[in-house]
Amino acid sequence: MTVLRLHLLGSPLLRQKASPVATVDDAVRRLVDDLFETMRAAKGVGLAANQVGVARRVAVVDVGESDPPPLVLINPRIVSRSPETETAEEGCLSIPEIFGDVERAHTVELEALDQEGRPYRATLSGFKARAAQHEIDHLDGVLFLDHLSAVKRGLLLAKWKKSRKGKPGYLKEVVPEPAGEL
Ligand code: NI
C-alpha cells in the first residue's frame, strides 16, 4: 500500500466530476487500499479519489468503528435522504486548518459497490452519514465550502489564501505521524 500525495484546494482535480468505475479490478482494489492508507496517515475519516488525483468514483470512510467495517464506496449513489438535518463542523484533508458548519441530512440510504465489486445498500446516520455525504460530494467536484453562505465562504477562502502564502502548488506530501498521536 502506498501513501499518496493529497491534492489541496486549487487543484483542478477537486472540481472535476469523477467517472464511474466500469469494472472493479486489481487496479481499483489497489486504489481503495491506497486511499485507506493515505487517509489514515493524514488522520482523516474519509477520502475520495479526486483528492489523490484520480477522477474515478471511488471513496472510503472510516469513522473509527470496527463493526460494521470501514466503508468502501465505489460508484456510490445516495438513494434517499432524511428530511431531518443536522449542522456540525466539517473540515477536509484537501483544505487543512479550515473548518465550517455544514448542514447535512441526518440519515442517508446509499447504494455502492464494495471492494469485490458486489453491490450493497447501507443506511447511515449521524457522523458516518455526514462523512459519506462529504466524500460523495467530492466525486461530483463539490467541496464543503460550497454548502456555506457566500459571506462565510469568502472569510474562509481569505484565511486559506493567507495560510498558503509562500507555499506554491497544490500537492501535499502526507507524512505519517508516529502511532499514538492524536
Ligand atoms: Ni474532503
Side-chain angles (χ1 to χ4, degrees), residues 2-21 31-65 70-78 81 85-106 108 110 112 122 124-149 152-161 163-164 167 169-177 182:
T2 313
V3 174
L4 304 169
R5 283 194 302 186
L6 282 176
H7 283 233
L8 301 181
L9 184 61
S11 164
L13 259 297
L14 295 180
R15 289 307 193 180
Q16 207 169 317
K17 197 172 159 66
S19 335
V21 169
L31 173 62
V32 168
D33 287 341
D34 291 347
L35 285 171
F36 274 122
E37 185 86 350
T38 306
M39 177 195 74
R40 287 175 181 139
K43 303 278 187 271
V45 295
L47 191 63
N50 304 47
Q51 295 179 273
V52 296
V54 180
R56 304 190 73 187
R57 301 188 79 78
V58 180
V60 297
V61 169
D62 185 358
V63 297
E65 43 177 29
L71 275 179
V72 173
L73 300 167
I74 299 172
N75 297 344
R77 197 169 72 85
I78 292 176
R81 288 179 162 84
T85 63
E86 198 170 63
T87 300
E89 189 173 76
E90 270 181 42
C92 179
L93 291 176
S94 291
I95 322 170
E97 314 296 326
I98 301 291
F99 303 93
D101 286 336
V102 181
E103 185 180 10
R104 303 264 187 198
H106 178 267
V108 295
L110 60 83
L124 311 174
S125 38
F127 186 52
K128 201 169 186 181
R130 172 173 300 279
Q133 290 172 84
H134 177 117
E135 298 316 326
I136 293 171
D137 268 358
H138 271 301
L139 302 180
D140 291 322
V142 173
L143 301 172
F144 81 86
L145 297 174
D146 303 335
H147 293 286
L148 307 178
S149 69
K152 184 71 189 166
R153 184 166 54 244
L155 288 171
L156 290 178
L157 283 172
K159 190 178 170 195
W160 168 254
K161 280 189 188 120
S163 77
R164 295 299 296 166
K167 297 175 191 160
Y170 48 73
L171 294 175
K172 182 188 173 190
E173 300 288 344
V174 177
V175 183
E177 290 169 34
L182 284 175

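Along the sequence shown, residues carry numbers from 1. In each ligand, atom 1 is the first atom listed, and ligand 1 is the first ligand listed.
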Notebook entry, point to check: With sequence neighbours excluded, what pairs up with Thr2 under the side chain to side chain contact (heavy atoms under 4.5 Å, CB included) test?
Noted result: Leu4, Asp34
Notebook entry, point to check: Has Glu89 got more than 12 heavy atoms of other residues, nucleotides or ligands less than 6.0 Å from its CD?
Noted result: yes
Margin query: Is it the case that over 12 heavy atoms from other parts of the model lie below 6.0 angstrom from the CZ atom of Phe36?
Written below: yes
Next item on the list: Can you measure from OG1 (Thr87) to NE2 (His106) and round to the nearest 0.5 angstrom?
Entry: 11.5 Å
Note to self: Quick check: do Leu73 and Leu110 have side-chain heavy atoms less than 4.5 Å from each other?
What the structure shows: yes
Notebook entry, point to check: Using a distance threshold of 2.8 Å, what protein N/O/S atoms lie below it relative to the Ni ion (ligand 1)?
Noted result: Cys92 SG, His134 NE2, His138 NE2
Notebook entry, point to check: Can you name the closest pair of heavy atoms from Gly169 and Arg164 and give their distance?
Noted result: O-NH2, 3.3 Å
